[in-house]
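Residue numbering restarts at 1 for every chain, and letters A, B, ... go by the order of the sequence lines.
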Amino acid sequence: MSLVLNEVNGSASLSQDVENLSRNKVDDSLREESSTQSGTESGIESETDDLPEDLISKFSTSTMLHEDGDDQNNKNLQSYMDLKMIEYLNLLNKYELKCQEYRMNFVNGFINLSRANYANGNNHRRFNRDYYDLREVKAIKIVETDENNNLKLIDLLELQKKNLLETKEKEIAENEDNNNEKEFSTLRNRNQKNENFTLQKKSMTFEKKDLPYRDPINMFGILVPFQLKESKKFFEKGVYNCIEIINLKNKLSCIYKEIKELKKESKKKTT
Amino acid sequence: MTSEANKNRTLIAVIGDEDTVTGMLLAGIGSISSELNKEKNFIIIDSKSQDEDIEKAFELYTETRDDIAVLLINQHIAERIRFKVDTFTKAFPAVLEIPSKDHPYDPEKDSILRRVRRLFGE
């Protein structure tokens, strides 16, 4: 009886050990599955947004490249590469859309320029290099680079107009304050000149001459066809799109380099 | 040092045909000054222009001048100096190929899309 009981107890302990081993294996597989699932879920989320920070902190290109070869590390490397690929494809999608947009803007710009040349047909002059004003002039669209080497287009003419408006509003406000202090008669005195009016006129002419940035369409004349103004708008949009495309290209080339490094490393680990 | 040097780069240069340059000047990128080697930031390439002229203009805007941040060049003109454009790998100025009136944009010649083919073709 005791021998039978011992045997039963032994087998029970054996079976418990087997159960524990199988439970551990199942837990490991579940952990692996959850890590891959979380990777894919975050990849789907990052279709519209950047990669989540917790995943970036878990995986980084440097840790992936410099850790010793191991099955788990290889799997992590593969999942990180997949994330980078998804990010690359999302940016590529944006790049394609921007390219279509800027091409359309250029096409419409050229079409309207041709229409403007046709509209100017009576004068038998095309809007071309013969019109260019080759006197010293400053560019009104410039580019600014930030710390991450991203470019930003700045319209200096718009800034100039805003500053002018602000100064004029201030002047008007100051004049109103001054006028409120004085007492004016409602009757106009023809003999006395309106000093305020002449001063304002002088200041206006002074400001116009002093302006550093001028609208480039004025070199084609004051009365230009409407199509030329439309053409200008499309080319301005096209230039803005060009800057966005350059920023996207820089990001794409960075991610491309990372993916290449990761691919090389994964090949080394498999061989 | 490089970031400070890049901050001085503010202009957009153009190498293109007459209509492209006219359009870019309308957009307001044109800059003319009396400084030596910084007279104009745009060059018109017509049927009479040689490949050497285009190369000289490209070198002027990419290497000689230090105030150009972006270089826009028509794709059909870039084809004539394709080797020079493809071997230019510096970050600044950024070179972008743009379509022209007579030559629509060919995505086969886009460097980014060629890289994608290489990446997914491996």
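- In terms of heavy-atom pairs under 4.5 Å with chain B, the best-connected choice from A/Glu144, A/Met85, A/Lys229, A/Glu147 is A/Met85.
- Neither the backbone nor the side chain of A/Tyr240 comes within contact range of chain B, judged by heavy atoms closer than 4.5 Å.
- Taking all atoms of both residues into account, the shortest heavy-atom contact from B/Ser33 to A/Glu136 is CA-CG, 3.7 Å.
- With chain B as the partner, the residue from A/Ile217, A/Leu252, A/Leu134 showing the most heavy-atom pairs under 4.5 Å is A/Leu134.
- Considering all non-hydrogen atoms of both residues, B/Glu18 and A/Tyr132 come closest at O-OH, 3.5 Å.
- Identified by a heavy-atom distance below 4.5 Å to chain A, the contributing residues of residues 81-96 of chain B are B/Phe92, B/Ala94, B/Val95, B/Leu96, in residue-number order.
- Closest non-hydrogen pair, A/Ser253 versus B/Arg115, comes out as CB-NH1, 3.1 Å.
- Interface check for chain B: of the options A/Ile154, A/Leu113, A/Val137, A/Ile142, the most heavy-atom pairs under 4.5 Å are formed by A/Val137.
- Counting only heavy atoms from C-beta outward, the side chains of A/Lys232 and B/Leu25 never approach each other to under 4.5 Å.
- With a threshold of 4.5 angstrom between heavy atoms, A/Lys138 approaches chain B through N, CA, C or O but not through any side-chain atom.
- Summarising the geometry, atom CD1 belonging to B/Ile29 is positioned 10.5 Å from atom CD1 belonging to A/Ile140; distances are rounded to the nearest 0.5 Å.
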Checking A/Lys249 against B/Ile112 for the side chain to side chain contact (heavy atoms under 4.5 Å, CB included) test, could you report, in this order, the C-alpha distance in whole Å, the side-chain angles of both residues, the deciding distance, and whether it holds? CA-CA 7 Å; A/Lys249 267 189 161 182; B/Ile112 293 284; 3.7 Å; yes
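- The side-chain hydrogen bond (donor to acceptor under 3.5 Å, both in side chains) check on A/Asn128 picks up nothing, with sequence neighbours excluded.
- For A/Asp215, no part lies under 4.5 angstrom from a heavy atom of chain B.
- B/Leu11 places none of its side-chain heavy atoms less than 4.5 Å from the side chain of A/Val143.
- Looking at residues two or more places apart in sequence or on another chain, you find a side chain to side chain contact (heavy atoms under 4.5 Å, CB included) between B/Asp46 and A/Arg129, B/Lys48, B/Ser49.
- Of all heavy-atom pairs between A/Pro216 and B/Gly28, the closest is CG-CA, 3.8 Å.
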Could you go step by step and tell me if B/Ile12 and A/Leu153 meet the side chain to side chain contact (heavy atoms under 4.5 Å, CB included) rule? CA-CA 10 Å; B/Ile12 302 172; A/Leu153 191 70; 3.8 Å; yes
Could you give me the CA-CA distance, side-chain angles and deciding distance for B/Thr20 and A/Phe110, then say whether side chain to side chain contact (heavy atoms under 4.5 Å, CB included) is met? CA-CA 8 Å; B/Thr20 306; A/Phe110 287 128; 3.6 Å; yes
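- Proximity to chain A (any heavy atom under 4.5 Å) is restricted, for B/Glu97, to the backbone atoms N, CA, C and O.
- Taking all atoms of both residues into account, the shortest heavy-atom contact from B/Asp110 to A/Tyr95 is OD2-OH, 2.7 Å.
- B/Met24 and A/Phe106 make their closest contact through CE-CE2, 3.5 Å (heavy atoms, listed as atom of the first residue, atom of the second, distance).
- Between the side chains of A/Tyr131 and B/Thr22, no donor-acceptor pair is found at a separation under 3.5 Å.
- Between chain B and the options A/Tyr102, A/Phe220, A/Tyr213, A/Phe127, the largest number of non-hydrogen pairs under 4.5 Å is found for A/Tyr102.
- Side-chain atoms of B/Leu26 and A/Ser231, non-hydrogen and from C-beta on, do get closer than 4.5 Å to each other.
- Under the salt bridge (Lys or Arg N to Asp or Glu O under 4.0 Å) criterion, A/Asp155 pairs with A/Lys141, sequence neighbours left out.
- Using a 4.5 Å heavy-atom cutoff, the side chains of B/Val70 and A/Cys242 are not in contact.
- When A/Arg103, A/Arg135, A/Lys233, A/Lys237 are compared by the number of non-hydrogen pairs under 4.5 Å with chain B, A/Arg103 comes out ahead.
- With chain B as partner, the option from A/Asn250, A/Leu92, A/Asn112, A/Leu157 having the largest number of non-hydrogen pairs under 4.5 angstrom is A/Leu92.
- At a 4.5 Å heavy-atom cutoff, the contact between B/Ile98 and chain A is made by backbone and side-chain atoms alike.
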